[in-house]
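Reminder, nothing fancy here: chain letters follow the sequence lines and each chain counts from 1.
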Number of protein chains: 2
Amino acid sequence: MDHYYLKQKKILLVDDEREILAMITDFLSEDGYTQIRTAGTVKEALRTAEEWKPDFAVLDVMLPDGDGFFLFEQMRKFTQIPVLFLTARGEDEDRIRGLGLGADDYMVKPFLPKELLLRIGIILRRYYREEDPVVRLAGSRIDFARAEVVKNGEHLPLTAKEHEILSALCRNAGRIVTIDQLCEAAWGENPFGYENSLMAHIRRIREKIEENPSKPVSLITVKGLGYKLVPEGR
Amino acid sequence: MDHYYLKQKKILLVDDEREILAMITDFLSEDGYTQIRTAGTVKEALRTAEEWKPDFAVLDVMLPDGDGFFLFEQMRKFTQIPVLFLTARGEDEDRIRGLGLGADDYMVKPFLPKELLLRIGIILRRYYREEDPVVRLAGSRIDFARAEVVKNGEHLPLTAKEHEILSALCRNAGRIVTIDQLCEAAWGENPFGYENSLMAHIRRIREKIEENPSKPVSLITVKGLGYKLVPEGR
DNA sequence: CCCATCCTTACGTTTACCTTACATTTAAGA
DNA sequence: TCTTAAATGTAAGGTAAACGTAAGGATGGG
């Protein structure tokens with residue numbers, strides 16, 4: 001899965017029909033999205049948007065206490081998140097209006113859920129493309145694209161081997177990775193005779209990611225089996 | 001006008017109907033776009049795409065010598081530019097197919113020209129938003145449009161290769177760009193055997209952008225992984 | 001208490017990269 | 001077409017960060 005971190009973006013759905021909200025929510029969570037909230041009115045939507053700070057919003061144009069365009073303009077006063085409009089009316093005027101205001105997309109009801117998913121995916125990818133997948137640990141976080149770990153605001157660079165080893169651990173986050181597997185990840189074919197070297201690297205990694213390298217809480221050794229990387233909050 | 005440089009992006013229009021091409025061209029140039037080319041067949045489109053290197057493409061699905069989806073897949077082999085599909089058929093299957101392949105949007109004919117303009121604007125803004133025509137570094141700033149760097153009031157011109165390499169670094173500002181990626185950016189297909197030449201260019205670039213080229217703070221080397229360009233203020 | 005396993009540190013070695021000078025290609029102008 | 005300068009590519013010696021190694025120390029299970 002290439003863009004897994006996008007699935008953790010907070011999505012706000014605003015519609016006055018409960019069934020529509022339920023349906024979209026179902027499809028989104030089935031597709032892997034984990035953070036979804038809904039609202040049925042402009043008022044409710046504004047409150048949620050302000051407090052919860054979603055990363056993306058789907059707005060119905062027709063709402064009981066105002067229309068989606070008004071809601072959009074209110075939201076733009078405090079957030080620049082991308083927005084997709086849903087509209088029952090297919091009128092040209094409305095279609096243009098949403099986009100002209102600065103929305104990212106719109107869809108006409110009734111729509112195919114599959115298409116909504118695709119469009120949401122496109123927008124999120126486009127908008128949050130610059131963000132790197134970051135792995136959060138107990139006392140630090142790892143940014144692989146920049147090859148550095150941030151601990152207490154300090155930026156510590158990772159070397160090539162450290163990067164390889166951490167990647168391998170990360171790919172199996174939480175699970176045990178054997179020493180053989182780690183050697184293979186770092187040295188390719190002929191990963192023999194490097195067990196000691198691996199140990200030295202583990203030490204150097206711990207000095208970067210751990211609060212106290214001698215009492216590790218993130219990069220744990222499982223005696224006789226290997227190592228494992230535990231993400232923030234177990 | 002905030003995004004004036006977006007109007008200079010190269011746009012490729014592919015459709016088999018001359019009138020449609022003419023109409024879209026008119027609307028685009030009226031809206032300020034300066035670089036527009038058209039093609040009527042898959043073959044023609046591929047040639048233009050490869051030689052002219054457009055920044056964005058509008059593809060009709062129905063073409064005399066193949067369909068737009070095939071064309072899209074061929075183009076994806078050498079470019080990652082955003083694409084919008086035009087389709088006469090409103091069939092669900094087709095709508096989904098284009099988006100599923102990785103297109104950025106699609107529109108069903110007949111469409112409102114105004115809406116097409118808005119959608120193209122949205123895509124370009126999102127996609128090229130980070131391409132700041134001037135990039136600020138620790139001790140200098142790069143002006144890509146003029147192909148020069150300004151250091152202590154001095155204007156130092158960039159050569160073609162330096163420009164390519166810096167662009168590639170800039171597109172991933174802060175992130176690591178591998179030597180392979182940089183070679184590919186500068187020498188296209190067959191980026192092999194230029195590693196040493198790249199190094200020489202890196203040196204020359206450093207002499208232009210760095211206060212002290214031997215102690216770089218903007219164009220950093222990450223041993224074993226690649227290089228990265230760090231913008232002003234980390 | 002002993003053995004196995006892993007930790008820790010210091011230090012020697014390697015290799016990826018730097019630097020420079022020079023050769024070659026390209027492009028512009030005469 | 002020829003001339004020339006700038007841009008680009010190549011090669012070789014130098015360097016330091018990253019890596020590997022080894023040896024003594026800790027730790028815990030049996």
Q. Does one side chain, of B/Tyr106 or A/Glu115, offer a donor that lies under 3.5 Å from an acceptor on the other?
A. yes
(Q) Tell me whether A/Lys228 at atom NZ has more than 12 heavy atoms from other residues, nucleotides or ligands lying less than 6.0 Å away. (A) no
Q: Quickly work out the A/Leu225 CG to C/dT5 C1' distance and round it to whole Å.
A: 12 Å
(Q) Can you work out whether B/Leu158 or A/Thr159 has the more 5'-proximal nearest nucleotide on DNA chain D? (A) B/Leu158
Q. With a non-hydrogen cut-off below 4.0 angstrom, is A/Gly226 in contact with a base, only sugar-phosphate, or nothing?
A. nothing
(Q) Side-chain N or O of B/Trp187 versus OP1/OP2 of D/dG9: is the shortest distance under 4.0 Å? (A) yes
Q.
Pairing donors with acceptors under 3.5 angstrom, does anything connect the side chains of B/Asp55 and B/Gln35?
A. no
Q: Write down the distance between NZ (A/Lys215) and C1' (C/dC6), rounded to a whole number of angstrom.
A: 13 Å
Q.
Please list, in numerical order, the residues of residues 199-211 of chain A that have a heavy atom closer than 4.0 Å to any atom of DNA chain C.
A. A/Met199, A/Arg203, A/Arg206
Q: Give the rounded distance in Å between these two atoms: CG of B/Leu182 and C1' of D/dG9.
A: 17 Å
(Q) Under 4.0 Å, heavy atoms only, any strand: does B/Lys161 hit a base, just the sugar-phosphate, or nothing? (A) sugar-phosphate
(Q) Run the salt bridge (Lys or Arg N to Asp or Glu O under 4.0 Å) test on A/Asp143 and B/Arg175 for me, step by step, so that the C-alpha distance in whole Å, both residues' side-chain angles and the decisive distance to 0.1 Å come before the verdict. (A) CA-CA 9 Å; A/Asp143 186 330; B/Arg175 275 171 265 165; over 6 Å; no
Q | Whole-Å gap separating P (C/dC17) and CD1 (B/Ile220) | A | 14 Å
(Q) Would B/Arg171 and B/Tyr128 count as a cation-pi pair here, with the cationic atom under 6.0 angstrom from the ring centre and within 45° of the axis? (A) no
Q | Minimum-distance pair of heavy atoms, taken over all atoms of A/Gly121 and A/Tyr33 | A | CA-OH, 4.0 Å
**Q.** Whole-Å distance separating the OH atom of B/Tyr194 from the P atom of D/dA7
**A.** 19 Å
Q) Under the salt bridge (Lys or Arg N to Asp or Glu O under 4.0 Å) criterion, do A/Arg119 and A/Asp105 qualify, and how do the steps go? A) CA-CA 8 Å; A/Arg119 287 192 178 274; A/Asp105 208 341; 2.8 Å; yes
So which protein nitrogen or oxygen atoms get under 3.5 Å of nucleotides 23-26 of chain D's nitrogens or oxygens?
none

Q: For C/dT19, take OP1 and OP2 only and decide whether either is under 4.0 Å from a side-chain N or O of B/Ser214.
A: yes
Q: Specify the separation, in whole Å, of atom CD of B/Glu195 and atom P of C/dT15.
A: 17 Å
Q: Name the orientation class of the two ring planes belonging to B/Trp187 and B/His201 (parallel below 30°, tilted from 30 to 60°, perpendicular beyond 60°).
A: tilted
Q. Would A/Gln181 and A/Thr178 count as having a side-chain donor-acceptor pair, cut-off 3.5 Å?
A. yes
Q) Hey, does A/Ser197 reach any base, or is it just sugar-phosphate, or nothing, if we go heavy atoms under 4.0 Å? A) base
Q: Ignoring backbone atoms, test whether A/Tyr227 places a side-chain nitrogen or oxygen under 4.0 Å from the OP1 or OP2 oxygen of C/dC7.
A: yes
**Q.** Full working for side chain to side chain contact (heavy atoms under 4.5 Å, CB included) between B/Phe72 and B/Val83
**A.** CA-CA 8 Å; B/Phe72 177 78; B/Val83 162; 3.8 Å; yes
Q) Where the side chain of B/Lys223 is defined as all heavy atoms beyond and including C-beta, which of C/dC6, C/dA16, D/dG9 is the nearest nucleotide? A) C/dA16
Q: Report the distance from atom CG of B/Leu198 to atom C1' of C/dC18, rounded to the nearest whole Å.
A: 13 Å
(Q) What's the angle between the local helix axes at either end of the helix from C/dC1-D/dG30 to C/dA30-D/dT1, using five pairs per end and rounding to 10 degrees? (A) 40°
Q: Please assess B/Asp31 against B/Lys7 for the test side chain to side chain contact (heavy atoms under 4.5 Å, CB included), listing each intermediate value before the final yes or no.
A: CA-CA 8 Å; B/Asp31 202 38; B/Lys7 304 288 187 180; 3.2 Å; yes
Q) Atom NE2 of A/His163 and atom P of D/dA18: how far apart are they, to the nearest Å? A) 14 Å
Q. Would you call A/Glu207 and A/Lys151 a salt bridge, taking side-chain N to carboxylate O under 4.0 Å as the test?
A. no
